Amino acid sequence: MRGALLIVVLTSVCVLQAGSDVPIQPDFDIQQFSGKWYPIALVMDRERLKNIEVLDNIAQPSDNGDLLLRVHYYQDGACGTNDIQFLQTDEPGKFTIAGGLSTMRIVEIDYSSYCIFHIEAAGSNILHLYSREPQVSDAVKEKYMNHITSMQFPADNIHYEKRTGECPD
């Protein structure tokens with residue numbers, strides 16, 4: 001149940017932008033993407049499920065170009081982990097999940113600092129901001145806001161993550 005809820009949280013979202021118009025980071029390097037990432041913000045058009053908090057993600061690329069994302073979360077007073085397998089497509093920086101029903105695109109990335117990525121599922125969209133550290137600079141937030149504006153997401157639907165749950169590493 002928790003795994004299904006987590007996938008809903010990761011894929012529920014904003015319908016204003018068609019997936020084919022989402023920019024993709026040129027020359028995306030999956031090996032540099034590996035490691036720990038912290039959620040900073042997301043924007044969507046639906047009410048966010050409030051009973052789950054994503055604490056961090058560990059990106060683990062495979063030799064064939066696929067990506068395993070190990071999600072650590074806090075829900076209802078308990079810690080959990082969920083693995084999501086992203087399958088590579090013929091376009092670097094674009095992956096599919098759930099049998100091709102969902103798509104993830106890396107929009108912009110500085111491998112040592114931040115990543116902005118888009119998930120599309122069942123006609124819904126979400127734009128995430130992740131960072132190598134639990135906080136990002138104002139300059140990175142401004143880049144994220146520029147993508148929100150250019151992709152026509154409603155700025156009043158931005159949700160900044162608050163770290164309330166604690167789980168052991």
Side-chain angles (χ1 to χ4, degrees), residues 1-44 48-49 52-75 79-134 136 140 143-144 146-148 150-151 153 161 167-169:
M1 178 64 182
R2 286 185 180 151
L5 179 60
L6 184 60
I7 290 173
V8 169
V9 169
L10 291 174
T11 58
S12 300
V13 282
C14 197
V15 299
L16 298 176
Q17 180 68 27
S20 61
D21 295 334
V22 175
I24 296 178
Q25 173 75 35
D27 303 319
F28 175 72
D29 182 342
I30 193 168
Q31 295 303 321
Q32 290 188 63
F33 182 67
S34 68
K36 186 179 266 192
W37 292 93
Y38 294 93
I40 303 298
L42 59 85
V43 63
M44 59 189 160
R48 181 161 191 240
L49 299 173
I52 189 166
E53 176 185 356
V54 176
L55 301 172
D56 64 53
N57 297 283
I58 306 294
Q60 301 171 339
S62 67
D63 291 339
N64 68 357
D66 292 344
L67 179 68
L68 176 69
L69 196 63
R70 176 157 289 151
V71 180
H72 298 109
Y73 61 91
Y74 184 80
Q75 179 181 22
C79 299
T81 301
N82 191 38
D83 290 343
I84 303 172
Q85 185 71 39
F86 290 86
L87 307 174
Q88 73 169 341
T89 65
D90 57 354
E91 190 172 359
K94 180 179 176 184
F95 301 87
T96 61
I97 57 177
L101 299 176
S102 301
T103 304
M104 178 177 78
R105 293 172 178 86
I106 305 299
V107 174
E108 182 177 334
I109 189 166
D110 174 331
Y111 298 101
S112 64
S113 176
Y114 70 92
C115 179
I116 299 170
F117 66 94
H118 175 270
I119 291 183
E120 178 182 21
S124 296
N125 298 278
I126 187 166
L127 190 65
H128 291 271
L129 171 61
Y130 273 60
S131 175
R132 293 290 189 182
E133 300 296 328
V136 294
V140 170
K143 289 179 184 203
Y144 182 64
N146 289 340
H147 283 291
I148 287 170
S150 70
M151 296 171 73
F153 282 95
E161 296 290 341
C167 294
D169 286 334

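Computation of the quantities below employed the complete heavy-atom set of this structure, encompassing side-chain atoms and omitting hydrogens, waters and symmetry-equivalent molecules. Fair warning: this is a prediction, and the values are worked out from it, not measured in the lab.
The distance from the NZ atom of K36 to the CD1 atom of I58 is 5.0 Å, given to the nearest 0.5 Å. Between atom CG of residue L127 and atom CD1 of residue I116 there is a gap of 6.5 Å, rounded to the nearest 0.5 Å.
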message = I'd like to know whether V107 forms a side chain to side chain contact (heavy atoms under 4.5 Å, CB included) with I24, so could you lay out the CA-CA distance, the side-chain angles of the two residues, the decisive distance to 0.1 Å, and finally the verdict.
response = CA-CA 5 Å; V107 174; I24 296 178; over 6 Å; no

request  = Evaluate the side chain to side chain contact (heavy atoms under 4.5 Å, CB included) criterion for residues V43 and Y144: first the C-alpha distance (whole Å), next the side-chain angles of each, then the deciding distance (0.1 Å), finally the verdict.
outcome  = CA-CA 10 Å; V43 63; Y144 182 64; 3.8 Å; yes

key: Verdict with supporting geometry, V22 and E120, side chain to side chain contact (heavy atoms under 4.5 Å, CB included)   = CA-CA 10 Å; V22 175; E120 178 182 21; over 6 Å; no

query = Under the side chain to side chain contact (heavy atoms under 4.5 Å, CB included) criterion, do D27 and Q25 qualify, and how do the steps go?
reply = CA-CA 6 Å; D27 303 319; Q25 173 75 35; over 6 Å; no

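Closest heavy-atom contact between T81 and H72: OG1-CD2, 3.3 Å. When every heavy atom of Q85 is checked against every heavy atom of L68, the shortest pair comes out as OE1-CD1, 3.7 Å.
In this structure, H128 and F117 have parallel ring planes: the angle between them is below the 30° cut-off, well short of the 60° mark.
When side chains are defined from C-beta on, L69 does not count as touching Q60, because their heavy atoms never get closer than 4.5 Å. Between Q31 and P61 there is a side-chain heavy-atom pair separated by less than 4.5 Å.
With respect to E91 and R105, no salt bridge is recorded, no charged nitrogen being found less than 4.0 Å from a carboxylate O.
For D83, the side-chain hydrogen bond (donor to acceptor under 3.5 Å, both in side chains) criterion is met by R70, not counting sequence neighbours.
Residues F33 and Y111 place their aromatic rings such that the two centres sit no closer than 6.0 Å.
Of the options Y38, Y130, Y73, W37, a side chain to side chain donor-acceptor pair (under 3.5 Å) to N57 is made by Y130 and by none of the others.
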